[in-house]
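In what follows, every chain begins at residue 1, and chains take the letters A, B, ... in the order their sequences are listed.
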Amino acid sequence: MAGLDKVVKTYDEAMAGFKDNMTVMVGGFGLCGIPEGLIKKMYDMNVKGLTCISNNAGVDGFGLGILLERNQIKTMIGSYVGENALFEKQFLSGEMKVILTPQGTLAEKIRAGGAGIPGFYTATGYGTPIAEGKEVKVFNGRPYILEEAFYADFALVKAWKADRYGNLVFRKTAMNFNPMMATAGKITVAEVEEIVEPGELDPEHIHTPGIYVQRVIKGKFEKRIEQRTVRK
Amino acid sequence: MGLSREQIAQRIAKEMRDGYYVNLGIGIPTLVANYIPKGMQVMLQSENGLLGMGEFPTDDKVDPDLINAGKQTVTAVTGAAFFSSAESFAMIRGGHVDLTVLGAFEVDQDGCIASWMIPGKLIKGMGGAMDLVAGAANIVVAMAHSNKGESKILTKCKMPLTGVNCIKKVVTDLAVMEIHDGAFHLIERAPGISVEEIKSLTEGKLIIPANVPEMSF
């Protein structure tokens, strides 16, 4: 890795500098578009006290769910969590703090963090429990609440293809939170299915420009399906 | 008696218009997709980053990278588009979705809705529901009129709120109602259901016109 070349060969290199008590953003919606190998590396490293920002918390035994086995997550920030028994147990016992955030607000807080916007107003959640303690401002006769940006020490994203400069392309609904998270991490690690040479990705069709990405690693993905639903 | 889940969905489908962009929540709302009138062009928006959600795939076409907001595998129709979650909620919050259908535990006469949390029992999170009710002008709620004899059409919601002063139309197993000026207004009743029965299961203020037609399908 030198100059603009972001490619690393090992997960040790990919996660170098990742420590206890860090804030980490993890891409994905459910199990779709999750950086499987990077999550596994966090598990292997056994880092503790993490603040984890991700839309969901995986399932028992897969995705972010595996970090619960070793009580690695101190605070979970997401919009829909608790699809696993271990999660519910740690939440209810107080071992883990959970901050439930509306999905759109979560997406925008992350986008804002990467874009230099420290706070923004949204109507989402006004008058509900999540508005508690938040500043209110009226625009055009309607109340909005002030939400602040999210930042992370590490952002772990999953992309379909990357070139060596870290330009990323995502596939279908596996895109979800990954592009915004890529911008909001101090160190962004992209785990991808395929790495190509600079110039092989069409510049008109780059989803995330390489400026946001610090490390690129090629991974192998199980791509587990949460609810396989078919028609006859 | 009252409507089945399928029939509630069927009635809500009548709110569709040609060329609409529609977001359907999980539960009864997803069934609405099965009743889109023939010949009508409608695009379904899925909050996880898809405009143009299609039906479930056949076994050989299952793609783990293509799911809906309920995490089920789906297909994308011709003319679909994929985008990020920030883009998806900009679409939703910015009021670009023509019709939003979602479920609820409770709705009150001021148009407040409770749909995401049952204290002590269900605290999994709100997902995109708060954004959907905050961003949409045209929201239809699909819900049960009552639960075990207790009205869910209330003067004031008891459960934690999803949104305030935002619901204008509700379709239950018993009735279609509109909400404005601090009251429910009875528009239609389910086939075979009397006005008295609806009134007895409605806690909130209910304005009843002289004639309340039966729903047609």
Side-chain angles (χ1 to χ4, degrees), chain A residues 29-33 55-57 78-83 87-88 91-92 98 100-108 110-112 122-131 143-144 160 170-181 207-208 221-232, chain B residues 46-50 53-76 80 82-93 112-114 116-117 119-120 122-135 160-166:
Chain A
F29 180 91
L31 301 180
C32 185
N55 191 52
N56 314 101
S79 83
Y80 190 80
V81 298
E83 290 290 8
F87 187 98
E88 205 144 353
F91 173 26
L92 293 172
V98 178
L100 293 169
T101 308
Q103 201 181 147
T105 298
L106 180 64
E108 192 63 15
I110 297 166
R111 194 203 74 83
T122 175
T124 300
Y126 172 77
T128 78
I130 66 119
Y144 293 76
W160 181 32
F170 304 95
R171 186 168 181 272
K172 303 193 179 182
T173 59
M175 183 190 285
N176 57 72
F177 282 82
N178 290 296
M180 303 90 71
M181 289 184 171
H207 293 140
T208 296
F221 302 90
E222 182 191 325
K223 290 198 188 180
R224 195 177 291 193
I225 294 172
E226 231 169 308
Q227 300 218 34
R228 191 171 212 284
T229 320
V230 295
R231 72 173 203 276
K232 294 289 175 283
Chain B
S46 189
E47 69 191 20
N48 57 312
L50 164 61
M53 180 175 69
E55 46 187 358
F56 297 130
T58 48
D59 207 79
D60 58 316
K61 291 282 201 301
V62 168
D63 184 340
D65 287 338
L66 185 47
I67 62 170
N68 65 13
K71 320 233 171 53
Q72 301 169 305
T73 46
V74 292
T75 56
F82 295 107
F83 36 85
S84 74
S85 301
E87 188 70 62
S88 178
F89 282 91
M91 224 174 266
I92 289 168
R93 208 190 302 106
C112 298
I113 173 175
W116 68 281
M117 176 162 134
L122 181 80
I123 322 173
K124 292 187 175 182
M126 69 295 281
M130 287 189 178
D131 292 281
L132 283 157
V133 300
L161 296 181
T162 307
V164 297
N165 311 125
C166 52

- Does any heavy atom of chain B fall under 4.5 Å from the side chain of A/Phe221, the backbone, both, or neither of them?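 Neither; nothing under 4.5 Å.
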
- Query: Which bit of A/Thr105 is near chain B, if near means a heavy-atom gap under 4.5 Å: side chain, backbone, both or neither?
  - Reply: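 It is both, since atoms from each part get that close.
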
How close do [X] and [Y] get, heavy atom to heavy atom, and via which atoms?
X	Y	value
B/Ser85	A/Met180	CB-CE, 3.8 Å
B/Leu161	A/Pro129	O-CD, 3.7 Å
A/Pro179	B/Ser84	CG-CB, 3.9 Å
B/Met130	A/Pro102	SD-CG, 3.7 Å
B/Gly128	A/Gln103	N-NE2, 3.7 Å

- With respect to chain B, which residue among A/Thr101, A/Ile110, A/Leu31, A/Asn55 yields the maximal number of heavy-atom pairs within a distance under 4.5 Å?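 Most heavy-atom pairs under 4.5 Å with chain B: A/Thr101.
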
Measuring from atom [atom1] of [X] to atom [atom2] of [Y], what distance do you get when rounded to the nearest 0.5 angstrom?
X	Y	atom1	atom2	answer
A/His207	B/Phe83	NE2	CZ	11.5 Å
A/Thr122	B/Arg93	OG1	CZ	5.0 Å
B/Asn68	A/Thr229	CG	OG1	7.0 Å

Which atoms of [X] are under 4.5 Å from chain A, going by heavy atoms: the side chain, the backbone, both sets, or neither?
X	value
B/Asn165	neither
B/Glu47	both
B/Ser88	neither
B/Ile92	neither
B/Ile123	both
B/Glu55	side chain

- Query: Do B/Thr73 side-chain atoms and A/Arg228 backbone N/O form a donor-acceptor pair below 3.5 Å?
  - Reply: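 Pair absent, no side-chain N/O of B/Thr73 close to backbone of A/Arg228.
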
- Query: Does the B/Asp65 side chain pair with the main chain of A/Lys172, one donor and one acceptor, at a distance under 3.5 Å?
  - Reply: no

- A/Lys232/B/Asp59 ion pair, N-O < 4.0 Å: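 Salt bridge flag = no for B/Asp59 with A/Lys232.
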
- Can we say B/Asp63 and A/Lys223 salt-bridge, meaning some charged N sits less than 4.0 Å from an Asp/Glu carboxylate O?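 Result for this pair is no, no salt bridge flagged.
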
Evaluate the side-chain proximity of [Y] to [X]: yes if any heavy-atom separation is below 4.5 Å, no if none is.
X	Y	result
A/Asn56	B/Lys71	yes
B/Phe56	A/Val230	no
A/Glu108	B/Phe89	no
B/Val62	A/Ile225	yes
B/Ile67	A/Glu226	no

- For the candidates B/Ala90, B/Gly49, B/Ala69, which exhibits the highest count of non-hydrogen atom pairs separated by less than 4.5 Å from chain A?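 If we count pairs closer than 4.5 Å to chain A, B/Ala69 comes out on top.
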
- Query: Does A/Tyr126 OH have over 12 foreign heavy atoms under 6.0 Å away?
  - Reply: no

